[in-house]
J.: 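One structure coming up, written as structure tokens, with questions to follow.
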Amino acid sequence: MSNAKVYKWSLIDRVSVAALNFGGNIVLARMLTTADFGLLAMIAIFIALAQDISGCGLADGLIHKVKPTRDDYSTVFVFNTAFGLLFGLSFFFGAPLVARFFGHQELVTIMRVLGVCFFFQSMSFIQETRLRKELAVKQLCLVRVGATLTALALGITLAALGFGWWALVSTQILLSFFIFVYCLAATRWFPRIAFSRKSFKEFFGFGIHLAIAYISNVIGKNINTFLLGKFFTPAATGLYYQGAKLANVPFQVIDQSVNNPFFVVASNESVPDSQRSLIRNMFSMVVGINGVLLFLMLVVAAPGIIALYGEKWAESIPLFRIIALAEFLFCLKAFFQAVCKVNANTVFVRNLSIAQVAAQIILSILAVLFFRDILVIVWIQVVCELASVSIYAFKYRRLTGQRFRGIIAAAIGSLWLPALGALFAVMAVMAADALVALPPIADCLVIAAAYAVTIIGAGEILRPKVYVALRDHFIKRKQS
């Protein structure tokens with residue numbers, strides 16, 4: 001499959017799954033309470049940690065290797081499955097301790113039931129990795145879309161029947177189960193039950209540093225829900241969780257649609273000069289695409305959240321805007337990390353990730369003790385992400401040979417057009433509201449229209465490089 005088709009199907013995959021999750025989340029948010037979401041948010045950090053530690057970065061080792069053998073796949077499968085079982089048991093026996101810590105007995109049942117999903121999820125890791133390595137992204141897309149649709153349908157049914165937070169928990173369990181089943185049905189492939197010490201040593205040496213970095217990233221993104229769950233009410237925690245979830249979805253789509261296949265494509269490029277050129281071009285694309293999302297989300301936040309979730313979620317609007325900025329920076333960091341992985345600089349990724357999460361934890365705890373303000377806690381996350389991105393930029397400069405001035409110029413050149421679009425969108429919605437009081441959904445439409453017209457109009461007149469590259473790529477794809 002060509003690189004263009006890889007990115008195409010990867011984007012279809014992530015957009016489709018995100019759209020389904022987005023729609024399902026809207027339905028569940030209107031049917032459930034903020035406290036229902038808050039209960040799941042309290043243990044989000046444990047869920048995310050278990051998901052990342054189960055793989056220990058071995059999947060990245062398989063992708064980085066030019067031609068992994070059947071023994072390689074089998075070794076990673078056995079290791080992942082064993083860790084999945086270990087974390088499932090840990091959730092079962094550790095649930096009472098977590099429930100006592102947060103002071104909510106419901107967490108015992110939630111954690112024990114969620115433990116089941118780790119076993120199925122760990123078994124499906126190797127199936128998804130094999131499809132990614134072979135660039136079978138179309139098959140992977142169908143699997144993930146089918147599993148998401150099935151799990152959400154059953155989860156919404158439980159919510160309609162009045163099962164409360166059970167609807168949220170069951171959705172995660174069913175998703176892991178159906179991904180495993182659909183992968184088997186789509187590929188008709190299952191690894192042998194075998195373990196090679198040689199393969200494990202090779203992949204563990206590459207992946208352990210990335211695993212530590214992933215764990216640090218997970219802690220950094222979920223430490224806020226942990227602290228809020230301990231020191232604030234479930235309702236307040238639910239407001240933050242929903243704002244974070246809504247901000248995360250579009251950026252996660254771009255991250256997984258661009259960075260994940262970019263790592264595979266760049267790793268398969270054996271010519272150093274071609275690889276560096278590919279990386280430089282991708283940097284402008286990553287900044288530009290994520291910049292379009294960021295400025296649109298900042299402008300549409302207030303009417304969008306009210307229109308989608310209702311007035312009861314209005315307090316999450318300022319949280320959403322700050323978290324959107326943090327997610328934008330996280331996507332830039334993920335790109336820099338992918339560049340480091342391509343160049344086998346995994347130790348650097350590990351060390352910087354540990355330093356960032358340590359700083360964030362210390363500052364967040366101090367904020368809880370002295371300020372008790374959710375906004376302060378969220379701004380700390382932004383500051384730590386910005387510091388990390390700045391350090392990665394210097395490393396990126398050394399790996400690609402690009403001058404720092406050129407990196408800054410590329411970033412500004414990719415961001416000024418969406419910034420201009422946001423300015424005109426604000427002016428348009430203010431003018432419209434001055435004439436007649438519009439409902440939130442109408443404000444969203446005005447903002448989206450003004451934003452799109454400004455970007456396309458200014459792009460066609462001034463023709464910045466990133467806009468032209470994306471436009472030409474899209475036109476060629478449509479014509480082909």
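Along the sequence shown, residues carry numbers from 1. In this text, all values refer to a predicted model and were calculated from it rather than measured experimentally.
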J.: To the nearest 0.5 Å, what is the distance between CD1 (Ile441) and CG (Leu308)?
T.: 7.0 Å
J.: Got a sec: does the CZ of Phe101 have more than 12 other heavy atoms crowding it under 6.0 Å?
T.: yes
J.: Is it the case that the side chain of Asp373 and the backbone of Leu375 share a donor-acceptor pair, with hydrogens and angles ignored and the cut-off at 3.5 Å?
T.: yes
J.: Contact between Leu352 and Ser388 at the side-chain level, heavy atoms closer than 4.5 Å - yes or no?
T.: yes
J.: Are Ile377 and Leu228 packed together at the side-chain level, in the sense that at least one heavy-atom pair is separated by less than 4.5 angstrom?
T.: yes
J.: Heavy atoms only: give me the nearest Val299-Ala425 pair and the separation to one decimal.
T.: CG1-CB, 4.1 Å
J.: Check Ile279 against Phe335 and note the closest heavy-atom contact, atom names and distance.
T.: O-CZ, 3.5 Å
J.: Roughly how far, to the nearest 0.5 Å, is CZ of Phe102 from OG1 of Thr237?
T.: 8.5 Å
J.: Could you pull out the closest heavy-atom pair between Leu107 and Ala95, with the gap in Å?
T.: O-CB, 4.4 Å
J.: Closest approach of Val300 and Ile447, non-hydrogen atoms and distance?
T.: CA-CD1, 4.1 Å
J.: May I ask you to test the Tyr182-Leu142 pair for a side-chain heavy-atom distance under 4.5 Å?
T.: no
J.: Using side-chain contact (heavy atoms from CB on, under 4.5 Å), reason through Gln337 and Ser353 one step at a time and then give a plain yes or no.
T.: CA-CA 10 Å; Gln337 288 178 338; Ser353 298; 3.6 Å; yes
J.: Answer yes or no: is there a side-chain heavy-atom contact under 4.5 Å between Val349 and Tyr392?
T.: yes
J.: Flag the pair Ile323 / Tyr240 as yes when at least one side-chain heavy-atom distance between them is below 4.5 Å, and no otherwise.
T.: yes
J.: For the backbone of Val145 and the side chain of Thr148, can you confirm whether one donor and one acceptor N or O come within less than 3.5 Å of each other?
T.: no
J.: Could you tell me whether Arg112 sits above the aromatic face of Phe92, with NZ or CZ closer than 6.0 angstrom to the six-membered ring centre and within 45 degrees of the axis?
T.: yes
J.: Is there a side-chain contact between Met297 and Phe320, using heavy atoms and a 4.5 Å cut-off?
T.: yes
J.: Are Tyr396 and Phe283 an aromatic pair, judged by ring center distance below 6.0 Å?
T.: yes
J.: Quick one: does any side-chain atom of Arg350 pair with a main-chain N or O of Thr346 as donor and acceptor, under 3.5 Å?
T.: no
J.: When rounded to the nearest 0.5 angstrom, what distance separates CD1 in Ile380 from CD1 in Ile223?
T.: 11.0 Å
J.: Rounded to the nearest 0.5 Å, what's the gap from CE on Met31 to CD1 on Ile156? Could you check?
T.: 7.5 Å
J.: Quick check: does any side chain N or O of Glu327 sit under 3.5 Å from a backbone N or O of Ala247, one acting as donor and the other as acceptor?
T.: no
J.: Locate the shortest heavy-atom distance separating Ala450 from Thr454; write the atom from each residue and the value.
T.: O-OG1, 2.7 Å
J.: Keeping the roles fixed (side chain from Asn248, backbone from Ala244), state whether a donor-acceptor pair exists under 3.5 Å.
T.: no
J.: Would one find more than 12 heavy atoms of other residues, nucleotides or ligands at under 6.0 Å from atom CD of Glu106?
T.: yes
J.: How about Cys331 and Phe328: do any of their side-chain heavy atoms sit closer than 4.5 Å?
T.: no
J.: Please report the C-alpha distance between Gln356 and Lys333 in whole Å, then the side-chain angles of each, then the deciding distance to 0.1 Å, and finally whether the side-chain contact (heavy atoms from CB on, under 4.5 Å) criterion is met.
T.: CA-CA 12 Å; Gln356 178 188 340; Lys333 182 179 72 174; 3.1 Å; yes
J.: Can you find a pair of side-chain heavy atoms, one from Leu294 and one from Phe251, that are under 4.5 Å apart?
T.: yes
J.: Report the C-alpha separation of Phe404 and Ile408 in whole Å, then their side-chain angles, then the decisive distance to 0.1 Å, and conclude whether the side-chain contact (heavy atoms from CB on, under 4.5 Å) test is met.
T.: CA-CA 6 Å; Phe404 198 70; Ile408 297 295; 4.0 Å; yes
J.: Between the side chain of Asn345 and the main-chain N/O of Lys341, is any donor-acceptor distance below 3.5 Å?
T.: no
J.: For Gly288 versus Val466, what's the shortest heavy-atom pair and its separation?
T.: CA-CG1, 4.4 Å
J.: Walk me through it: do Tyr451 and Phe424 pass the test ring-ring contact (aromatic ring centres under 6.0 Å, His included)?
T.: CA-CA 7 Å; Tyr451 191 70; Phe424 276 91; over 10 Å; no
J.: Flag this pair as yes if the NZ/CZ of Lys395 is under 6.0 angstrom from the six-membered ring centre of Phe348 and inside a 45 degree cone about the axis; otherwise no.
T.: yes
J.: Rounded to the nearest 0.5 Å, what separates atom CD in Gln381 from atom CG in Asn224?
T.: 5.0 Å
J.: Once rounded to the nearest 0.5 Å, what's the spacing between atom CD1 of Ile455 and atom CG of Leu296?
T.: 8.0 Å
